[in-house]
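A short write-up of the structure that comes next.
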Amino acid sequence: QVQLVESGGGLVQPGGSMRLSCTASGKMVKSNVMGWYRQAPGKQREFVAVQSSGGFINYHDSVKGRFTIHRDNAKNTVVLQMNSLRPEDTAVYFCNVEITGPSNQNYWGQGTQVTVSS
């Protein structure tokens, strides 16, 4: 079992920046994908950015050039640096860990609210 602890979130002005952090603990394995998803009111949860333990990174088109994901494999931590924030970025952001391989296990954080508003 993997537990995810998120930090960050809150209220930020358009054009501002915010940093989210997530640390995984428990029975974590080295081969995994860590990242962030978000869910806005009335919308489905969507992929934001992920990074595999091997270094592969994938961003949603809407955040490319604005968000940066970085993970520390030794600490099982993933950070999402969000810059040039827009009101459309307002959502609950969820940390996610996928254990790759046949089991295909997924774990989720509790979610943290990010509100972009003037």
Side-chain angles (χ1 to χ4, degrees):
Q1 190 175 39
V2 175
Q3 297 81 43
L4 303 177
V5 179
E6 302 160 329
S7 63
L11 177 64
V12 63
Q13 296 183 71
S17 298
M18 184 170 288
R19 180 179 180 271
L20 305 180
S21 182
C22 174
T23 299
S25 62
K27 296 183 179 180
M28 189 75 166
V29 299
K30 292 183 178 180
S31 297
N32 62 78
V33 179
M34 298 186 72
W36 295 90
Y37 292 69
R38 66 187 181 188
Q39 187 167 15
K43 304 291 184 179
Q44 293 184 322
R45 187 174 299 184
E46 66 178 6
F47 149 79
V48 177
V50 297
Q51 185 170 6
S52 73
S53 53
F56 172 80
I57 296 174
N58 195 21
Y59 294 100
H60 191 277
D61 286 344
S62 67
V63 307
K64 287 181 179 178
R66 301 189 298 120
F67 292 11
T68 302
I69 191 168
H70 173 76
R71 64 178 290 168
D72 185 333
N73 290 340
K75 297 181 179 180
N76 288 324
T77 298
V78 62
V79 171
L80 184 68
Q81 178 65 48
M82 304 183 292
N83 301 321
S84 302
L85 283 162
R86 307 166 180 169
E88 308 91 86
D89 296 316
T90 296
V92 177
Y93 284 69
F94 296 90
C95 181
N96 171 260
V97 171
E98 179 184 351
I99 306 300
T100 58
S103 62
N104 193 31
Q105 300 175 61
N106 256 292
Y107 301 91
W108 296 93
Q110 77 281 1
T112 183
Q113 177 71 45
V114 174
T115 302
V116 185
S117 179
S118 59

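Because only heavy atoms are used, hydrogens play no part in the values below, and waters and symmetry mates are left out as well, while side chains stay in.
Every residue two or more places apart in sequence or in another chain was checked for a salt bridge (Lys or Arg N to Asp or Glu O under 4.0 Å) with Arg19, and none qualifies. Under the salt bridge (Lys or Arg N to Asp or Glu O under 4.0 Å) criterion, Arg38 pairs with Glu46, Asp89, sequence neighbours left out. Every residue meeting the side chain to side chain contact (heavy atoms under 4.5 Å, CB included) condition with Gln105, not counting sequence neighbours, appears here in chain and number order: Ile99, Ser103, Tyr107. Partners of His70 according to the side chain to side chain donor-acceptor pair (under 3.5 Å) rule, which considers only residues two or more places apart in sequence or in another chain, do not exist here. Looking at residues two or more places apart in sequence or on another chain, you find no side chain to side chain donor-acceptor pair (under 3.5 Å) involving Asn104. By the side chain to side chain donor-acceptor pair (under 3.5 Å) test, Thr115 is found to be paired with Gln113, residues two or more places apart in sequence or in another chain being considered. A search for side chain to side chain donor-acceptor pair (under 3.5 Å) contacts involving Ser84 returns nothing, not counting sequence neighbours.
Contact annotation: the side chain of Gln51 approaches that of Arg71 to within less than 4.5 Å [non-hydrogen atoms, C-beta and beyond]. Side-chain contact check for Pro14 versus Pro87: some heavy-atom pair is nearer than 4.5 Å. Side-chain contact between Met34 and Asn32: present, with at least one pair of heavy atoms (C-beta onward) separated by less than 4.5 Å.
The distance from atom OG of Ser117 to atom CG of Leu11, rounded to the nearest 0.5 Å, is 6.5 Å. A distance of 10.5 Å separates CD of Glu98 from OG of Ser53, quoted to the nearest 0.5 Å.
Side-chain atoms of Asn96 and Arg45 include no donor-acceptor pair closer than 3.5 Å.
Val5 and Leu20 end up in different hydrophobic clusters when Ile, Leu, Val, Met, Phe, Trp and Tyr side chains are linked at under 4.5 Å.
Contacts classified as disulfide bond (SG atoms under 2.5 Å apart) and involving residues 47-83 (residues at least two apart or in different chains) are not found. Within the structure, disulfide bond (SG atoms under 2.5 Å apart) pairs that include any residue of residues 13-62 comprise Cys22-Cys95 (at least two apart or interchain). Contacts classified as ring-ring contact (aromatic ring centres under 6.0 Å, His included) and involving residues 8-34 (residues at least two apart or in different chains) are not found.
Think of Phe94 as one node in a network of Ile, Leu, Val, Met, Phe, Trp and Tyr side chains linked at under 4.5 Å; its network also takes in Val33, Tyr37, Phe47, Val50, Val92, Trp108.
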Output a table of donor-acceptor pairs, distance under 3.5 Å, between side-chain atoms of residues 75-82 and any protein atom two or more places apart or on a different chain; print 'none' if there are none.
unit_1	atom_1	unit_2	atom_2	d
Thr77	OG1	Thr23	OG1	3.1
Thr77	OG1	Lys75	O	3.2
Gln81	NE2	Asn83	OD1	3.1

